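Proteins get letters first, then strands, A, B, ... in listed order; numbering begins at 1 in each. Given the structure is predicted, the values throughout are model-derived calculations rather than measurements.
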Amino acid sequence: MGRYIIRRLLQFIPTLAGALFLLHYLASLAVQLNGNPARAMFGDRRPSEAMLAAVSKLYNLDDPCLEQVGNPCLGQFVNRVTNLAQGDMGSNFRGRPVTEIIADSLPLSMRLAVIALTVQILIGITAGIFAGLRNKGVIDYTVKISTVLIIAFPVFVLGKVVQTTVNVPVTNALRGSDVAPDWVAVFFSVSYSPNSPWLSLMVPGIVLGALGLATTARLTRTSLIENLHADYVRTATAKGMPRRRVIGVHALRNSLIPVVTDLGLAVGVLLSGAVVTEAIFNIPGVGFQLINAIRLGESPVIVSLVTFFVLIYLVVNLLVDLLYAVLDPRIRYE
Amino acid sequence: MRRPRTLTRAAALAGAVILTAAACGSSDDGGGSGGGDTDNASSEGGDYTGGEVRANLTSPQTLITTDTIEAEGSTVVSAVYSKLVDFDIDTGEVVHRVAESIETEDNQTWEITIREGLEFHNGEPVDADSFLRAWNFGAYGDNAQRGSFFYAVIEGFDEVQEEGSDITELSGLEKTGDLSFSVTLNSPFTTFEVALGHNVFLPMAQECLDDIDACNLNPIGNGPFKMASPWEHDVEIALERWEDYPGENTANIDNLTFSIYSDNQTAYNDLQAGNLDVLRTTPPELRDQARDQFTDRFIEVPTSQITVMAYPVYDEAFSDPKIRQALSMAVDRQKIIDNVLLGAFEPADSFIAPVIPGYQEAACEYCQHNPERAKELFDEADWPSGKKLQLHYPPGAGHDEWIEAVGIEIENTLGIEFELRNELEWAEHLNAREDEEMEGPYRSGWIMSYPSQEYYLKPLYTTGGSSADTGWTSEDFDRLVNEGDAAPSLEEAQEIYAEAEQILMEEVPAIPLFYGRSSAAYNDTLDNVIYNIYETNPSWTDLQVK
């Protein structure tokens, strides 16, 4: 087990290095193709050459390789990696260190992901179990139709629709009325409020979690149905074990392996979905930072943040693999 | 002396330009009774209401005065600082604020005296040093302050701009007393007094200069509001009323908080939900809805923004003024505004925005839609047969639809086909403009930094102008602009600049298309909302909470 983990961790290094180089190359290519972001900053008001040179220098955009399309800017890459190794991820165009940006925004995105995953696990697995137990029954079809309906909406549509049809009217209705306690209004607030770090993230979290509901519910259902017909379940039932224990411990535990795999992958979906959800609900998390950085062409932020996403993805997938062993005793890591 | 303010309503109804100056009180008494707005806002009238106002903001680039050249940062900076001069909301006239007097004999050497007893929020005095400190810092090349080009008129600018220059101070600045200093310009420039209304000409406290990064988060100003807490990145910038503010334009409210949004649609939803009191800019696609919903609380007045399609006059096809005139007359601006731009603009009928003193209404014959005349002019000129009109603009900035509409208008009137050219991203598009690589009219926008005609003429259309890229030149025009710069008074300068603009109206180096329109909306919890077109914001000090 220990050796397995160490081997996996060592595999992180080439993956991260590769991702870092690709990102660096793409970020340089973006400057080479789209022009100097420092120039864009001034817009129609043209800066003098000295001015443009000074601002370009400030943002490390003065390397001549940034003018040759296709040049991988290896010198800059080496600098970047050296700085990164020393914990310096550079800064954005507002002079804010990327480390500080991540430190401020990550907790928000984590909270959002926790809420989304909780929604996905609680509702998704429960719905899947009921659907699996009543195969082709009313509940099965209800779950199928409702979850497919939700997944049919892209997240930006779902987010905006919920915001304008639920949050805005509810907030308006609650204002000035003493009936509902304050937390209800916060729960339905249109945008993130730093004073209620969990409550005001509930609606965006539910929206984000709703996206993965269909997959989780369907996977649980199929897997459960399959296992209910397995020999070991029949044996368990035959020897007189209570049904609750047969389903809850024997069938379900085995059925969760594909679901857990999917949840691991869902973290990736959550990260990308968070980009959109965070923008809609004005949550200054990592996705929000990423979208702003892309808009302005802040390559230090883009490269560091996405590398960070890659790292999270790797760690989560390692955890998922380790979870298999817990769920299924037949799986062992050597 | 209280005068009812109906600017927003009247303007919304009529789409009117500026209300004619019914301004009470003279504003040029040098002592700086700040003109119309201050009379109204002064605490003597008991207008103070207290309360908190929330407004939206997009993340500013910076809050350092000399580095701020965009609307978001200057919104905060203008509330936290008090400038040497402000502009009367109704007339655009210069009103002395921190300046006791601004005097000049030859319009080249300016003697600026500061009012006595002014302080920064940290207790430092606002004196001559505080101004020299700020301007020298802003102009020094290695500091890479984005507002540095505004100091280019001051003597010694080129020397301090050089990379690694040993000279760190503008030779044109000289302290002449604790509260007075003189500014020597490269050449006479009457409009300098107006230019002083830009935020790069604000003072800076020593504490700010000592730690610029800290000052960026927590600006130390001298204005009616001060920072309640440091800038919380991507969350909010909270200001509070400065109780000891010595000026006339004291704030009527206790707290002014800017909530930072990355998406204005979310801000609009928050306004509807009542979490936001003021929405500074409504997203274009929601303006119709906002107009219906907020009715008289939706402020639509012309702004200083102007959108043109500039001609690459360096291209032979556009060297004939008749072609340029014909294309300009072929476009029905109002139709495009109504059908494509959702009423977010006004048709442009000159090269200078209507809010600028000296604007000449409907003086431009070739800016009017006149298809018959357009055809005549087009037939007289020589357009290579079969040549398609190339229309250039940067992608992803919402220009596609209206530029296509412009193309269709021209095609329908003159029978030339057009091609949309948006293959170059913003920065590359700007580079191509500078390098004179455009093959047809290209979108160009301009917004004032200070309300003067000069700002719309000199940088854009003089030979070698700092932002000129059309390749159009005219000796007469250059001469008139120079004369305007050196005119003995602002009034005379206005007349000469107007004469220079006439040449543009004749020669049409660009098609004036639209003036911008404000789109602020506010909730009925607020009172006394006066839109300041020179700040493109509601006047924060005048705001009251019901």
Side-chain angles (χ1 to χ4, degrees), chain A residues 30-31 33-48 50-51 53-59 93-96 100-101 104-105 160 163-164 167-172 174-176 185 188-194 278-285 288-289 291-292 295-297, chain B residues 58-62 69-70 141-146 148-149 152 158 161-163 212-213 216 232-236 259-263 265-267 269-276 394 396 424-434 443-447 449 459-460 465-469:
Chain A
V31 177
L33 291 175
N34 297 340
N36 187 348
R39 175 64 191 89
M41 215 178 268
F42 290 93
D44 295 280
R45 185 75 164 92
R46 187 162 73 213
S48 68
M51 182 78 229
V55 175
S56 300
K57 193 174 164 199
L58 193 65
Y59 301 129
F93 290 167
R94 298 186 165 79
R96 238 183 131 207
E100 190 188 308
I101 294 178
D104 278 0
S105 57
K160 293 232 154 161
Q163 190 176 49
T164 45
N167 293 36
V168 172
V170 170
T171 313
N172 268 320
L174 289 179
R175 194 168 351 109
F188 286 105
S189 69
V190 174
S191 54
Y192 171 68
S193 138
E278 290 183 351
I280 294 175
F281 291 94
N282 207 43
I283 305 161
F288 174 102
Q289 299 294 353
I291 220 170
N292 282 342
R295 211 175 277 164
L296 294 171
Chain B
T58 309
S59 206
Q61 278 176 351
T62 168
I69 52 164
E70 37 83 50
D142 287 0
N143 289 334
Q145 296 296 293
R146 279 166 284 214
S148 69
F149 39 51
D158 292 341
Q161 272 282 296
E162 268 173 47
E163 201 179 334
I212 279 288
D213 290 336
N216 182 35
E232 218 180 313
H233 274 285
D234 304 313
V235 180
E236 65 179 28
S259 300
I260 299 175
Y261 290 86
S262 70
D263 181 356
Q265 290 193 0
T266 311
N269 286 338
D270 250 340
L271 180 78
Q272 285 184 308
N275 300 330
L276 202 62
L424 293 182
E425 290 284 339
W426 189 213
E428 281 295 301
H429 171 86
L430 292 166
N431 286 337
R433 277 168 56 174
E434 267 156 61
R443 178 244 158 232
S444 172
W446 200 245
I447 191 159
S449 290
L460 289 173
S466 59
S467 295
D469 51 21

Can B/I69 and A/R45 be said to form a side chain to side chain contact (heavy atoms under 4.5 Å, CB included), step by step? CA-CA 10 Å; B/I69 52 164; A/R45 185 75 164 92; over 6 Å; no
By salt bridge (charged side-chain N to carboxylate O under 4.0 Å, His left out), A/R96 pairs with (sequence neighbours left out) A/E100, A/D104, B/D234
I'd like to check B/R433 versus A/D44 (side-chain heavy atoms, cut-off strictly below 4.5 Å). Are they in contact? yes
Closest heavy-atom pair, B/T266 versus A/A279, reported as atoms and distance to 0.1 Å, is OG1-O, 3.7 Å
Cut-off 4.5 Å, heavy atoms of chain A, and the answer for B/I260 is backbone
Item to check | side chain to side chain contact (heavy atoms under 4.5 Å, CB included) between A/V55 and B/R146, worked out | outcome: CA-CA 8 Å; A/V55 175; B/R146 279 166 284 214; 4.2 Å; yes
By side chain to side chain contact (heavy atoms under 4.5 Å, CB included), B/N275 pairs with (sequence neighbours left out) A/T171, A/V190, B/D270, B/A273
Smallest heavy-atom separation, B/E428 atom then A/L33 atom, equals CG-O, 3.3 Å
Bottom line for B/Q145: the part with an atom under 4.5 Å from chain A's heavy atoms is backbone
Can we say A/K57 and B/D142 salt-bridge, meaning some charged N sits less than 4.0 Å from an Asp/Glu carboxylate O? no
Check your understanding: Can you find a pair of side-chain heavy atoms, one from B/Q265 and one from A/K160, that are under 4.5 Å apart?
Key -> yes
Minimal heavy-atom distance between B/S262 and A/N292, with the atoms involved, is CB-OD1, 3.9 Å
The reported gap from OH in A/Y192 to OH in B/Y261 (rounded to nearest 0.5 angstrom) is 13.5 Å
* Quick check: does any side chain N or O of A/N34 sit under 3.5 Å from a backbone N or O of B/W426, one acting as donor and the other as acceptor? -> no
Do the side chain of A/N282 and the main chain of B/D263 share a donor and acceptor less than 3.5 angstrom apart?
no
The interface call for B/P394 against chain A, heavy-atom contacts under 4.5 Å, is neither
- [ ] Please step through side chain to side chain contact (heavy atoms under 4.5 Å, CB included) for the pair A/F93 and B/Q61, ending with a clear verdict.
- [x] CA-CA 7 Å; A/F93 290 167; B/Q61 278 176 351; over 6 Å; no
What one should report as the nearest heavy-atom pair of B/Q161 and A/S48 is OE1-OG, 4.0 Å
Cut-off 4.5 Å, heavy atoms of chain A, and the answer for B/S449 is neither
On a heavy-atom basis, the closest approach of B/V235 and A/P194 is CG1-CG, 3.4 Å
Cut-off 4.5 Å, heavy atoms of chain A, and the answer for B/A468 is backbone
Nearest heavy-atom approach of A/R46 to B/G465 is NH2-O, 3.5 Å
Turns out that what part of B/N269 lies under 4.5 Å from chain A's heavy atoms comes down to both
Can you tell if the side chain of B/Q272 reaches within under 4.5 Å of the side chain of A/N167, non-hydrogen atoms only? no
Cut-off 4.5 Å, heavy atoms of chain A, and the answer for B/N143 is neither
Most contact-rich option vs chain A, by heavy-atom pairs under 4.5 angstrom, among B/E425, B/E70, B/H233, B/H429, is B/H233
Residue from A/A50, A/G297, A/A54 scoring the most non-hydrogen pairs under 4.5 Å with chain B is A/A54
So, the part of A/E278 with a heavy atom under 4.5 Å from chain B: the answer is neither
